Amino acid sequence: MPWKGISDPYKIWVSEIILQQTKVEQGEKYYVAFVKKYPNVADLANANQEELYALWQGLGYYNRCKNMMLAAKEIMHSHGGKFPNTYAEILSLKGIGAYTAAAISSFAFHQPYAVVDGNVVRVLSRVFAVKDSFHTAKGKLAFQLLAQSLLSKKEPSAYNQAIMDLGALICRPKNPNCQECPFQKNCKAYLADEINIYPTKKTKLVIKERFLHFFLFEDKHHLYITKRTGNDIWRNLFTFFSIESDNAEKVEFPNDIKIVHSVEPQVISQLLTHQKITGIFHHCKTNPQIIAKLNLIQIKKNALSQFAFPRLLISFLEKNNYL
DNA sequence: AAAGCGGGGCT
DNA sequence: AGCCCAGCTTT
């Protein structure tokens, strides 16, 4: 790598920013071009923004170079053009977070700050069987403290480089080379044969789409409803008799329920935290046998407000002037 | 805590 | 098509 052995904090900074969310192979030529066109902080601070963006073209995350220029100007104005050498000052620069501040202060200034990036998280989570996700505040703190406690205070630079290399080359995301890993005998994940569950993923919010077909039974003065039970949404609330389907068009309904085909079913959706509920309201022909068979509750239309309905039902009732 | 920000490689 | 990756800022 072209930045190998470099001690200039500016060039280390450039390399670290380029490598954020970017593969080494992809970033290399950008790094070479960048330090050639802008060899130092002053050059970057005085850069033409159009040219800077042009140089960055294809690399993505364009705020990275925008922030670098802002930071370069800040270094010129507040630090006399000399790259700051304390963690706090480095961290305060635009576009530099905990990882990059630790990387620069350890690599350029040999200060004892442990880097925590994706590689480090992977290594530590496996070796120490850390199940907290780095994407939570708790997990972030846990990995930060653990990494800092392991850091070699004598050679923070070598330590940081080593643990990231271990993550990149041996303790890889897929097919880690545990046979050649120096920590094989100490790795809790390996010993438990649980390499594949680490690092714990961010729990992505999956919005499940559900289709509830409601069957509306009524007569002149009454509606027929049911109380929802079971471990599902709207427990203990009242709705029309319903059947769930995997689509809005078709539903398997009992043979003895007669849909009023002259009335198109009404469709209303409601977005919940984890579910998108689509209600399809079918107007049905009512007869006493079905009411009894489905064990429906007869309520007076002028007493609807005494019952707790889900919002989706309220919407339907309001739209149709029941409420 | 979650969204937004690019692009490329991998499955 | 979805997931992941040497992150940070804004909301």
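Here the structure is a predicted model, which means the values were calculated and not measured. In what follows, chains are A, B, ... by sequence order, proteins preceding strands, each numbered from 1.
- For Y61(A) and dT9(C), the shortest distance from a side-chain N or O to OP1 or OP2 is not below 4.0 Å.
- Taking only side-chain nitrogens and oxygens, K66(A) never comes nearer than 4.0 Å to OP1 or OP2 of dC8(C).
- Here the P atom of nucleotide dT9(C) and the NZ atom of K94(A) are 6 Å apart, to the nearest Å.
- A 4.5 Å side-chain heavy-atom check between L166(A) and F183(A) finds at least one atom pair inside the cut-off.
- The 5' end of DNA chain B is approached more closely, in terms of each residue's nearest nucleotide, by K138(A) than by the other of R64(A) and K138(A).
- Checking dG7(C), dG7(B), dA6(C) against every side-chain atom of Q26(A), the shortest atom distance belongs to dG7(B).
- In the set dG7(B), dC8(C), dC5(C), the nucleotide with an atom closest to the side chain of Y99(A) is dC8(C).
- For the P atoms, the distance from dG6(B) to dT11(C) is 15 Å, rounded to whole Å.
- For the residue pair T86(A) and E89(A), a side-chain donor N or O sits within less than 3.5 Å of a side-chain acceptor on the partner.
- For F134(A) and dA6(C), the CZ to P distance is 11 Å, given to the nearest whole Å.
- Looking at which nucleotide of DNA chain C each of S15(A) and G95(A) is closest to, the 5′-most match is held by S15(A).
- The same atom, P, is picked in dA6(C) and in dA1(B); the two are 22 Å apart, to the nearest Å.
- Side-chain atoms of D219(A) and Y224(A) form a donor-acceptor pair, as typed in the model, at a separation below 3.5 Å.
- Listed pair N63(A) / dT9(C) fails the phosphate criterion, with no side-chain N or O lying under 4.0 Å from OP1 or OP2.
- Rounded to a whole Å, the NZ atom of K174(A) is 11 Å from the P atom of dC3(C).
- The side chain of K23(A) lies closest to dG8(B) when the candidates are dG7(C), dG8(B), dT9(C).
- We find that CG of N119(A) is positioned 13 Å from C1' of dG7(C), with the value rounded to whole Å.
- Looking at W13(A) and L44(A), their side chains come closer than 4.5 Å, going by heavy atoms from C-beta outward.
- Between T22(A) and dG8(B) there is no side-chain N or O to OP1 or OP2 distance below 4.0 Å.
- Looking at heavy-atom distances under 4.0 Å, A103(A) makes no contact with the nucleic acid at all.
- When only modelled atom types and interatomic distance are considered, Y99(A) and E16(A) share a side-chain donor-acceptor pair under 3.5 Å.
- If you take CD of Q20(A) and P of dT9(C), they are 9 Å apart, rounded to a whole angstrom.
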